[in-house]
4 protein chains.
Amino acid sequence: MANPAAPGGARRPAGRAERSAARRADILAAALEEFAACGFAAARLDDVARRAGVAKGTIYLYFQDKQALFEELVRAMLVPHIAAVEALPAEGPVRPVVEAFLAHIVHDVLSTRLADVIRLVIAEGPRFPALAEFYYREVVSRALAVLDRLLARGVASGEIGNPALVHFPQLVVAPVLMGLIWGGMFQRFAPLDVAALMRAHLDILFASGRAA
Amino acid sequence: MANPAAPGGARRPAGRAERSAARRADILAAALEEFAACGFAAARLDDVARRAGVAKGTIYLYFQDKQALFEELVRAMLVPHIAAVEALPAEGPVRPVVEAFLAHIVHDVLSTRLADVIRLVIAEGPRFPALAEFYYREVVSRALAVLDRLLARGVASGEIGNPALVHFPQLVVAPVLMGLIWGGMFQRFAPLDVAALMRAHLDILFASGRAA
Amino acid sequence: MANPAAPGGARRPAGRAERSAARRADILAAALEEFAACGFAAARLDDVARRAGVAKGTIYLYFQDKQALFEELVRAMLVPHIAAVEALPAEGPVRPVVEAFLAHIVHDVLSTRLADVIRLVIAEGPRFPALAEFYYREVVSRALAVLDRLLARGVASGEIGNPALVHFPQLVVAPVLMGLIWGGMFQRFAPLDVAALMRAHLDILFASGRAA
Amino acid sequence: MANPAAPGGARRPAGRAERSAARRADILAAALEEFAACGFAAARLDDVARRAGVAKGTIYLYFQDKQALFEELVRAMLVPHIAAVEALPAEGPVRPVVEAFLAHIVHDVLSTRLADVIRLVIAEGPRFPALAEFYYREVVSRALAVLDRLLARGVASGEIGNPALVHFPQLVVAPVLMGLIWGGMFQRFAPLDVAALMRAHLDILFASGRAA
DNA sequence: CATGAATGAGAGTTCATTCAT
DNA sequence: CATGAATGAACTCTCATTCAT
């Protein structure tokens, strides 16, 4: 009677749907840890369940099977960032936008769990074509399209001196990929200053243009 | 003409040592296929054996276990290229050397089995720190050191206008990595012209400098 | 009649804990059969599972591995008898006590599954030092200690004429061991009347003493 | 030219047959070590071969298979002692003969490789009925028959006071078995003075009789 | 909804045995 | 005779998946 959102005597401050969503989130979070640490094939659902604080069977109430869990994990992690990818300003000087774009990736991707997710996609991509395609369609192609327009504008305005860059937005992103891979493999014993790397990268990209 | 075992005529019997080396090579080749296709954990030694045309137990005559097979495979594939990495000319104009360096990678790595091996190292690196370290020590760090000297020379001679590049040889290689990853994931449905990518990349790198 | 789970009527469902304990017992019983028949190394868990009526994997829900199954089997079989070993009367005439002791062993050990267990311990002891030590500590040394006190009393009271026996309680048990080994190896084609053997043994032990 | 027994340039001082016999002996010796250490099932012919200094296949030139090797090993080790078993004097006082008999076993069996062989027979007996039967027929029954006659003589002459012993020669041997088993299992952490045990045993056996 | 005991196909690994050299 | 590379059946152990409770 006190809690209108909890009919039937549920004391917990959450409704059934919320509890369910929370469980789902717990499982996804646990799965991320395990998949990131072991890879898809070597990760054990037993460990995912233990880490999520649920029984092994419960996972199957929320996900069809191991592969579905993996794919939904990747999707769930990527989706919130898909919008951000296209939120770049369409007007004004180009360099600050590219800078913001790269800074965004460095801060919100490379230094977060998202880096693990993308490394997973890269590592397992060949075994999960659907995932690779999803990643390309929803993230990569969109980001590259945005970049492409940006670069065209930069070339048109003279900010970017070298027209070679148009049609190869991958060149803008390549150092990010380098930072991502390096971080997963060599960071431990050969640290790489990604921020400085990005500054140098920007300097080169905009070197021969004139300031906007 | 006196020696019936003389090289030059491929004959069946061969020596014991040759047979043995051939078997080993067969197994490694089969392992490459399977590991590249399935990843380390999901690859089955049964399939490796079948593909190599040997019995399952035979693998264990040549390799301690699955992990050893994997590590030796990577090492065996990388080692022959280690020397090549440092064979860049130490004198003269810089751009042609960098061009040759990238062309070499594109031709001898990206379009060969070596690409699979490096993708494997990237994918499994976190689970095989020894391998990641080997790859860094024997390949990555050497190549970067060579590039570093090259870039310094280019900056000193004015060929490279932008000194930002020095100390970040990773920027030179980043597009190669991009091509490698792209090739493994998106090439099927979104082909990338790596050669053109490289030309654009070079144009940008040497854009603001004066010709040597 | 009110409690459907009440003991006294063997019914199927039972509680989870009971089911679990029963499964464990089934597996141990099956393991005893197989280990006794084949020895540790040659026994196959597949057969244990089949005999226990469970799947192969189920064994691993209850026991860490084959060796743990073996060791727990031996412990589980021996433990219930450890108390019995020290339950011999500490007063009165000695001969009846020794007689009872040997009769107990002949009836409760030699003619039961326990004989198989001890034969297993003897056969596998060298490969399972922990088991040999357990058996010595919990069974052998205790039984010998009890016997030792008993013999000392018998010598003190004159019931046992020969003081040589003190400090060698093994001599009292040796014929039991003989019966155990004989039973496992020769009984089939050269039967040995263990009861008569024991009577003769007792006659000799107490031959030169005077009745208590 | 110096060695007339080595025609054809063979430097080794042995003929073909001798070499062969030596090889056989080497294999048997190696097999004894391995079987004693690991038991029949767990012993590896690979280790036997390595220890014997021959190739794995060579074993099969001398023995049909693993089981034959094992059985011939046991037979070969026991046969030389079969004669000794019946070489006990048929006349004169009994006690010295029994003493000699037990002393012989303690010295020539318990403290030698023979102990390992008999422990093996005991451990593997149930799996090798033919071996158990051979051991019974050629060793056990003969020794017991000899002992039986000896005991009868002792009882007849009054040396042995207790006629219960006749028909149970096993009682004479039981402490030896105890020593054998104890040696294999507990000797390490609970040493048993077998010689003293035997003296006590003899004292008891002959306690109530009058000296011859 | 949630559980976790149970399943059983399938993985890596071993080793007795064979046979071309 | 001797070798040891090769075999492949058989083993132990794992783990995604199911289902009675």
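Since the model is a prediction, treat every value here as computed from it, not as a measurement. Chain naming here is simple, since letters A, B, ... match the order of the sequence lines and numbering starts at 1 in each. Excluded from the calculations below are hydrogen atoms, water molecules and symmetry mates; all remaining heavy atoms, backbone and side chain alike, are included.
The side chain of T58(C) sits closest to dA6(E) out of dA6(E), dA16(E), dT7(F). When the nucleotides dA16(E), dT17(F), dC1(F) are ranked by their closest atom to the side chain of L61(D), dC1(F) comes out on top. Closest to the side chain of K66(B), out of dA16(E), dA16(F), dG12(E), is dG12(E).
Within 4.0 Å of A43(C), counting heavy atoms only, lie sugar-phosphate atoms of the nucleic acid but no base atom. Within the nucleic acid shown, F63(A) has no heavy atom closer than 4.0 Å to any nucleic acid atom. Heavy atoms of S20(B) sit nowhere under 4.0 angstrom from any nucleic acid atom.
Nucleotides of DNA chain F nearest to G53(B) and L45(C) differ in position, and the one nearer the 5' end is that of G53(B). Across the interface with DNA chain F, nearest-nucleotide mapping of D46(A) and R23(B) shows R23(B) to be the residue nearer the 5′ end.
Residue R113(B) holds its CZ atom at 8.0 Å from CE of M77(B), rounded to the nearest 0.5 Å.
Scanning atom types as modelled, one donor and one acceptor separated by under 3.5 angstrom connect the side chain of K56(B) and the base of dT13(E).
DNA chain F contains the following stems of three or more consecutive Watson-Crick or G-U pairs, with both distances under 3.5 Å: E:2-21 with F:2-21.
When the P atom of dC11(F) is taken as reference, atom CZ of R44(D) falls 17 Å away, rounded to whole Å.
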